[in-house]
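Atoms considered below: every heavy atom in the structure, side chains included; atoms not considered: hydrogens, waters and symmetry mates. None of these values were measured; they are calculated from a predicted model.
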2 protein chains.
Amino acid sequence: MPKAVVSRLSLYLRELQALVRDDNKTISSTKLGRLLGLTDTQVRKDFACFGQFGYPGIGYRCEELIGEIRRILGTDRIWPAAMVGCGNLGQALLGYRGFQSQGFSVQAAFDIAPDIVGSNFCGLKVDHLDSLPAVVAEKGIQLAILAVPADAAIEVASILVKSGVSGVLNFAPVTLNLPKSVSVVGVDLAMELEQLAFAVVKKGEK
Amino acid sequence: MPKAVVSRLSLYLRELQALVRDDNKTISSTKLGRLLGLTDTQVRKDFACFGQFGYPGIGYRCEELIGEIRRILGTDRIWPAAMVGCGNLGQALLGYRGFQSQGFSVQAAFDIAPDIVGSNFCGLKVDHLDSLPAVVAEKGIQLAILAVPADAAIEVASILVKSGVSGVLNFAPVTLNLPKSVSVVGVDLAMELEQLAFAVVKKGEK
DNA sequence: TAGATTGTTAATCGATTAACAATC
DNA sequence: TAGATTGTTAATCGATTAACAATC
């Protein structure tokens, strides 16, 4: 499965779910492409990577595609996850409903600040970071959302690795160099704004 | 400038800034590549896109590269920005220091909830959304950070467009189909977790 | 000089697009 | 049947990598 395709799979999934919410049963590659800014050919080629799902003359059945994409992404099951760092951002993310609906369940939260440890956010009690290894093992947590300050990120990440976590979603603006066995996806808000600034500048030049 | 290169520019910038903080004056393509998981050839090829900056036998001067990358991205100036939506996520983002340091200054914040409008976050008073067009014009705001609920995003985005904003950083999990004159960068936290889940599943299969 | 490292060419690899027969 | 749409081939385009002469 080409990695360019995988990165679009989540995009297709989100759009297909919106289509189903609006009571669409089927969608053509042309219409789906237009919604997402892709060509019809690209949509069909992407879907062809995992089988023949289309109905010539009709299009694709939304529900069928959704199921298939979730299976490929691995979100046809529930992933237990941990929120690591419950400051501003961590608290906001704990309140985000979108994780749950897409197959993720935040089942533990950690911090080290005395005024945060022990408090409750969205029905989840914040534990001390020291108890992370035990809780991760006990609850079978595989994914961690890392929302600690930049200067703590590398150290905390190594605790995550030692605890046996297999994936880290990193919100700290630092490069995490973890063992190959652990996957990392980084989200850097300043970097995203930079890309936006570039797009605006470029458009201005044209 | 190839767009694959642009997306790495922010990554180079962040790493170079970290190197400068650690008192490094120069860095070779091999070392920088190793830090970021890229090949030395790719690093050199990327930098070659915007001139000859390297010193054979020595490497690249960090400060010089930083200046050049900021100039290209357009972050050698300050971009006035607006936070649109000051719920959980918006408030957390207002508290984030990283924007400021990279060339972005959030100079206005908006919401519609009566208990939020008028309150203060990080020294910024939240205005009612109705006053957005006037404030955007007055302060010359070009970028908006959209942190409203999914079902409000499209409507609010169209207000942004009418107000003359040229770039939107969209945190709502919906596709924004805006005029070509407006740039959009989307950050969808559930999508990022899906990509992480896929990476973990794939690794497990190998 | 010897060692380190760049800039660049040519080769390879992967992704996108155009076109169209096959299908419903 | 006519119209809509898929799946797939071949062509094009863009990005990455290997190799190495040139430079400090």
Tell me every residue that passes ring-ring contact (aromatic ring centres under 6.0 Å, His included) with A:F110, counting only those two or more places apart in sequence or in another chain. none
Determine the contact category for A:G57: base if any of its heavy atoms lies under 4.0 Å from a base atom, sugar-phosphate if only primed atoms, P, OP1 or OP2 are that close, otherwise nothing. base
Contact boundaries of DNA chain C with chain B (under 4.0 Å, heavy atoms), 5' to 3'? C:dA4 to C:dT9
Base, sugar-phosphate alone, or nothing: which one does B:F53 contact when heavy atoms must sit under 4.0 Å apart? sugar-phosphate
What verdict does the ring-ring contact (aromatic ring centres under 6.0 Å, His included) test give for A:F47 and A:Y60, after you've listed the backbone C-alpha separation in whole Å, the side-chain angles of each residue and the deciding distance to 0.1 Å? CA-CA 10 Å; A:F47 291 167; A:Y60 298 86; 5.0 Å; yes
Please classify the nucleic acid contact of A:S28 as base, sugar-phosphate, or nothing, using heavy-atom distances under 4.0 Å. sugar-phosphate
Report the stems of DNA chain D as range-with-range entries sorted by first number; a stem here is at least three consecutive pairs, Watson-Crick or G-U wobble, both distances under 3.5 Å, and write none if there are none. C:3-24 with D:3-24
Considering every strand and a 4.0 Å limit on heavy-atom distances, what is the contact class for A:K3: base, sugar-phosphate, or nothing? sugar-phosphate
Comparing B:R8 and A:K45 on DNA chain D - which has the more 5′ nearest nucleotide: A:K45
Cation-pi check, B:R61 onto B:F53 ring (under 6.0 Å, within 45° of axis): no
Do B:R71 and B:E68 meet the salt-bridge criterion of a basic N to acidic O distance under 4.0 Å? yes
What contact category does A:T39 fall into here, base, sugar-phosphate, or nothing, at under 4.0 angstrom with non-hydrogen atoms? sugar-phosphate
Counting the atoms with a prime plus P, OP1 and OP2 as sugar-phosphate, which does B:Y60 contact under 4.0 Å by heavy atoms, base, sugar-phosphate, or nothing? sugar-phosphate
